[in-house]
Amino acid sequence: MSRKEVLEAIEEQGSFDLVVIGGGITGAGVLRRAAREGLKALLLEQMDFSWGTSSRSGKLVHGGLRYIKQGQLALTYHAVRERERLLGAYRRLVFPLKFAIPLEKGKPFRRLLYRVGLTLYDLFAGRKYSSFQSVEELHGEFPFIKRGLAGAYTFYDAETDDARLTFQVILEARALGALALNYARVVEILRDGRGRVRGVVFKDLQGGKTHQVGTEVVVSATGAWTDALDPSVPMRRLKGSHLVLPASRLAFPFACALIHHRDGRPLYALPWEGATLVGTTDIDFQGSLDREPSISPREVEYLFEALTHWFPGAEVGPEDVISTFSGVRGVMDTGKKDPSRETRDYILKERGGLVSVTGGKLTTFDYVAKRIMGKVSRLLGSRRVKEKARPLPWEGGSREDLEEFLCRFHTLVGEGNLEAAELEMLVRLGSVVHLHDLLLRRSRVGLLRRDGGLPLLEALKEPLKRGLGWDEKRWEEEVALYRETLKNYRIGEGNG
Ligand SMILES: Cc1cc2nc3c(=O)[nH]c(=O)nc-3n(C[C@H](O)[C@H](O)[C@H](O)COP(=O)(O)OP(=O)(O)OC[C@H]3O[C@@H](n4cnc5c(N)ncnc54)[C@H](O)[C@@H]3O)c2cc1C
């Protein structure tokens, strides 16, 4: 369905069993589960699908070794189990990723902690992934790593493209009959005299029209925005930023889990889409959520301090950076001094038919969606559709088609192989509304090329104009908007 057709279907249906606000991975997961249970479900996203935190994560599908150290065993257990499940379900989207933990000499306690953590990690996964690598082997893999190490522990997690995973789950929900609309901001939740949800009002940010739909259950999966719709959720906003470096300057055969020598915080560097990703920072965020977050000079300095400490032989600096990206997450505010000590577990609240969820991880989206649907079912009570859970699309044989569909954006745009007719169709069916949707999320050209893909624009122009019905004026506005947006993904040019 094109965006126009989705909007028409919403108007025609008028009311829904469930409305999901937020088109990040959490909202996508809830929508898919709802559709699977036979509910009439609608998802509304104020910007592009995955535009929030779900296109700006560390790309890891992981248990989170560090949460074991913090005693969050249940969170790690569920995340490891989900990692294993996602690896099996999405063979073209979620890939195994080997990690090395370089060990410094003379730190026996830290080494013991890693050993215990990795043993638990293996137990949770139900198979042994961890082992020991000698210092000679480590130097062979990472010639630029610092000297005087005692070897490394190695283990496996997984990585993905978070934006593509989110859109994939939305496409699966659509294949099961759910509706999902991007650039549709919910501006009001309607309630009756007893405070119970009766519907939502949303603004179509493209057409400018305001629409109203009926529903008795709303799931707000609005991440860092959650307290705007439900101020009773105790939230703290944390920003994390990443650097994207060219593999030609810093090649990583596999990932490294590191400790920042200054404050003991965990960091990682990993190979991703042919580049090297380094992150993340973790600091309180006080800025406006209406603007795209971006890396600050302090964060750049912090990440390079760690890179220089661990990989002195690489001699990389800010001038080597291809791009950067920053995301803001909402976590439960327990007043901890160190932001990294706040739990990454999800928070779930319900009041009068409004279920609010925030926190959590990309990795555990389906686990959280299942918990949310438990609450939704209780709220729907006797009105609950008793239909037996329908098979997910891939069980019917079309999951691969959806994965393939999303891969085409990368092959066509990412590799500059611009087959006009196919691109025309892709942008229309791929819910592309703005040029930056195509270049920053459907494909990752804006992150992976230093020039942001600007030289490709001439070739993209005609298929995009035809596919999306743009005239020359709109095309020029889109190019200007893309150039402006790109600044938030470059050092020293964004909001900071
Ligand atoms: C720096 C960083 C690194 C991370 N790395 C990892 C990692 O490696 N692995 C991992 O598992 N997890 C990671 N996480 C966590 C993970 O990214 C988040 O848990 C996840 O993306 C949150 O998804 P979400 O759908 O809840 O929120 P979001 O993706 O932020 O989605 C919320 C959406 O709601 C929309 N919205 C808000 N208000 C409205 C409204 N009124 N109407 C309509 N739409 C609205 C927003 O536009 C937004 O798109 C990381 C997080 C950060 C910040």
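In listed order, ligands and their atoms are each counted from 1.
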Any residue meeting side chain to side chain donor-acceptor pair (under 3.5 Å) with Ser431, in chain and number order, not counting sequence neighbours:
Arg174
Pairs under 3.5 Å, N/O atoms on ligand 1 and on the protein: can you put them in a table with the distances?
from: ligand 1; atom 1: 5 (N); to: Gly58; atom 2: N; distance (Å): 2.8
from: ligand 1; atom 1: 8 (O); to: Gly58; atom 2: N; distance (Å): 3.4
from: ligand 1; atom 1: 8 (O); to: Leu60; atom 2: N; distance (Å): 3.0
from: ligand 1; atom 1: 9 (N); to: Leu60; atom 2: O; distance (Å): 2.7
from: ligand 1; atom 1: 11 (O); to: Leu60; atom 2: O; distance (Å): 3.4
from: ligand 1; atom 1: 11 (O); to: Leu362; atom 2: N; distance (Å): 3.1
from: ligand 1; atom 1: 11 (O); to: Thr363; atom 2: N; distance (Å): 2.9
from: ligand 1; atom 1: 11 (O); to: Thr363; atom 2: OG1; distance (Å): 2.7
from: ligand 1; atom 1: 12 (N); to: Leu362; atom 2: N; distance (Å): 3.2
from: ligand 1; atom 1: 19 (O); to: Gly360; atom 2: O; distance (Å): 2.9
from: ligand 1; atom 1: 21 (O); to: Ser54; atom 2: OG; distance (Å): 3.0
from: ligand 1; atom 1: 23 (O); to: Ser54; atom 2: OG; distance (Å): 3.1
from: ligand 1; atom 1: 25 (O); to: Ile25; atom 2: N; distance (Å): 3.2
from: ligand 1; atom 1: 25 (O); to: Thr26; atom 2: N; distance (Å): 3.0
from: ligand 1; atom 1: 25 (O); to: Thr26; atom 2: OG1; distance (Å): 3.2
from: ligand 1; atom 1: 26 (O); to: Thr26; atom 2: OG1; distance (Å): 2.7
from: ligand 1; atom 1: 29 (O); to: Thr53; atom 2: N; distance (Å): 3.3
from: ligand 1; atom 1: 29 (O); to: Ser54; atom 2: N; distance (Å): 2.9
from: ligand 1; atom 1: 29 (O); to: Ser54; atom 2: OG; distance (Å): 2.5
from: ligand 1; atom 1: 30 (O); to: Thr53; atom 2: N; distance (Å): 2.9
from: ligand 1; atom 1: 30 (O); to: Thr53; atom 2: OG1; distance (Å): 3.1
from: ligand 1; atom 1: 41 (N); to: Val186; atom 2: O; distance (Å): 3.1
from: ligand 1; atom 1: 42 (N); to: Val186; atom 2: N; distance (Å): 3.0
from: ligand 1; atom 1: 44 (N); to: Gln46; atom 2: N; distance (Å): 3.0
from: ligand 1; atom 1: 47 (O); to: Glu45; atom 2: OE2; distance (Å): 2.7
from: ligand 1; atom 1: 47 (O); to: Gln46; atom 2: NE2; distance (Å): 2.9
from: ligand 1; atom 1: 49 (O); to: Glu45; atom 2: OE1; distance (Å): 2.7
from: ligand 1; atom 1: 49 (O); to: Glu45; atom 2: OE2; distance (Å): 3.2
from: ligand 1; atom 1: 49 (O); to: Gly52; atom 2: N; distance (Å): 3.3

Under 6.0 Å from the ring centre and within 45 degrees of the ring axis: does the NZ or CZ of [X] meet both conditions for the six-membered ring of [Y]?
| X | Y | answer |
| --- | --- | --- |
| Arg81 | Phe124 | no |
| Arg66 | Tyr121 | no |
| Arg56 | Trp51 | yes |

Excluding sequence neighbours, so at least two apart, what forms salt bridge (Lys or Arg N to Asp or Glu O under 4.0 Å) with Asp284?
Arg236
Quick one: ring pair (Phe, Tyr, Trp, His ring centres under 6.0 Å) partners of His434, sequence neighbours excluded?
Tyr183, His436
